[in-house]
2 protein chains.
Amino acid sequence: MTGDAQISRLKPGRRTDIRRENERAILEAAEKVFAEAGFGGATMQLIADMAGLPKANLHYYFATKEDLYRRVVSRIFEIWLDAASSFDDAPGPVEGIGAYIDAKMDISRTHPHGSKVWASEVMHGAPVIQDYLETTLRAWTEGRITVIQRWIDEEKMQPVNPRHLLYMLWATTQHYADFGHQIQTLNGGKPLSDKQWREAKASVKEMVLRGIGAI
Amino acid sequence: MTGDAQISRLKPGRRTDIRRENERAILEAAEKVFAEAGFGGATMQLIADMAGLPKANLHYYFATKEDLYRRVVSRIFEIWLDAASSFDDAPGPVEGIGAYIDAKMDISRTHPHGSKVWASEVMHGAPVIQDYLETTLRAWTEGRITVIQRWIDEEKMQPVNPRHLLYMLWATTQHYADFGHQIQTLNGGKPLSDKQWREAKASVKEMVLRGIGAI
DNA sequence: TCATTTCCTGACCGTATGGTCAAGGTGAAG
DNA sequence: CTTCACCTTGACCATACGGTCAGGAAATGA
């Protein structure tokens, strides 16, 4: 098996570019369609149209609708995990949780579709990503609870239940993506402006940090 | 047309009971199926099976899938509006917002399916209940903002942005229904116990009320 | 008993969907 | 140029879906 090492070591040529570009376009279209119609309501034809490809071409890159969906869901999960690094190298809750709120609010603005797909997946009982919940998410959660508990022990914040604090952080930040349409309607039908997003982030941070006694 | 007044004044007999009971069973089954599969993923056959009726019978009581869905969505909205009365006859934020959180958390526990259907509907752009958002919900929101602003003016709480406070209340309380599966997974696969629900309610109330400077 | 209204349901239909396939196109390597 | 791996796609298929309908059952009132 000495040849294995070079299997995917073709120098990046047009072929590779085509594949990468098409997969990217399909995933982007799929994320939007799955978010707007749900898994059951989404059709491969619609995704194909939005990606500008014939439907049969989708099945060349992604064997089934489920495969495509799985890739979309995994993506937002990884983005969120990256954002979670804000939490780690922080001396206290003001910096750590503040940065985490900032990061999650930014993602809610830049990746609203992914957030909705994740929400939909969990609401339907997580048929596809149950293993993520039980392994990666659970481990991440326990780790963060430890950090929060340490801050409590160091009297950098009030002794709140860390678990419910995390739920509040997830709920509040993701609400701006998942319920973006409702928020937009209550904003006179217009999307939040840059200024309004800053106001939202500041409000959330202020209420949460005061709520846990960190400020 | 003098007879019109008595059209629906038949004394409650078996006929009426049959209709009422079947509609109830169908709506209950539909709420569960729509919540677990989304509108697109739900099938009339599945709803019929769960209600214990032949599919054709569903179409006798509800003309189309959309009609049935509309009824399910309206129901949770009315339940939430009822709960909102907690807000009104309260002297200050501790009582008003405290009772509102209690009420919404109770609904998240007793009507998780309805909450999910609402969330799904809004995430998909509110194709069916857009008018509710623009009329009833907007009016309700403005009213509550006025109440909160009065409390701020009376220095019963910190001057937070009332709108984002409402979003936080909605997000946090509904999270326990919409993401109930995720919470259950992080709870070792077991649903929250009575004690854990009390803990959740207490945590949310404590963090929110301290967050707005009401305690 | 008879007439009338309401309720029930198996069988059926047109359509749309996920997925398949065979035939052909295309660019890079030798 | 030839070869070969990769890419493209129109046409097609089986299935499942929402919805219809005709005919019968059951309850009600006279």
Which of residues 62-72 of chain B sit near DNA chain D, with a heavy atom under 4.0 Å from it?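 Here the set is B:Thr64, B:Lys65, B:Glu66.
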
Do any of residues 29-43 of chain A sit with a heavy atom less than 4.0 Å from DNA chain D, and if so which?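 Within residues 29-43 of chain A, no residue comes under 4.0 Å of DNA chain D.
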
Could you point out which residue of A:Trp118, A:Phe34, A:Phe62 forms a ring pair (Phe, Tyr, Trp, His ring centres under 6.0 Å) with A:Tyr69?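 The passing option is A:Phe34.
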
Whole Å only: how far is the [atom1] atom of [X] from the [atom2] atom of [N]?
X: B:Leu46; N: D:dG19; atom1: CG; atom2: P; result: 15 Å
X: A:Met44; N: D:dA16; atom1: CE; atom2: P; result: 18 Å
X: B:Glu21; N: C:dC7; atom1: CD; atom2: P; result: 13 Å
X: A:Asp17; N: D:dC6; atom1: CG; atom2: P; result: 15 Å
X: A:Gln45; N: D:dA11; atom1: CD; atom2: C1'; result: 13 Å
X: B:His59; N: C:dC7; atom1: NE2; atom2: C1'; result: 16 Å
X: A:Ile26; N: D:dT8; atom1: CD1; atom2: C1'; result: 12 Å

Filtered N/O pairs between nucleotides 8-11 of chain C and protein, under 3.5 Å:
| residue | atom | partner | partner atom | Å |
| --- | --- | --- | --- | --- |
| C:dC8 | OP1 | B:Asn22 | ND2 | 3.3 |
| C:dC8 | OP2 | B:Asn22 | ND2 | 3.1 |
| C:dC8 | OP2 | B:Tyr61 | OH | 2.6 |

How long is the straight-line distance from CD of A:Gln149 back to CG of A:Asn161, given to the nearest 0.5 Å?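 The CG atom of A:Asn161 sits 9.0 Å away from the CD atom of A:Gln149.
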
Pairwise distance CZ(B:Arg75) to CG(B:Leu27) - rounded to 0.5 angstrom: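 These two atoms lie 7.0 Å from each other.
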
Under 3.5 Å, is there a donor on one side chain and an acceptor on the other for [X] and [Y]?
X: A:Ser74; Y: A:Tyr132; result: yes
X: A:His175; Y: B:Gln174; result: no
X: A:His111; Y: A:Glu31; result: no

May I ask you to check whether A:Tyr167 and A:Trp170 place their ring centres under 6.0 Å from each other?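 Here the rings of A:Tyr167 and A:Trp170 have centres that are less than 6.0 Å from each other.
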
Do the charged groups of B:Asp17 and B:Arg20 touch, with an N to O distance under 4.0 Å?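 Looking at B:Arg20 together with B:Asp17, the answer is yes, because their closest N to O distance falls below 4.0 Å.
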
Would you mind checking if A:Arg24 and A:Glu28 are paired as a salt bridge, meaning a charged N to carboxylate O distance below 4.0 Å?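 A:Arg24 and A:Glu28: salt-bridged.
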
Quick one: does A:Lys65's side chain have a donor or acceptor within less than 3.5 Å of a partner on A:Ala42's backbone?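 Checked: pair present.
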
OP1 or OP2 of C:dT6 under 4.0 Å from side-chain N/O of B:Arg19: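 No, B:Arg19 has no side-chain N/O under 4.0 Å of OP1/OP2 on C:dT6.
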
Is it the case that more than 12 heavy atoms not belonging to B:Arg71 sit under 6.0 Å from its CZ atom?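 Not buried by this count: 12 neighbours or fewer within 6.0 Å.
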
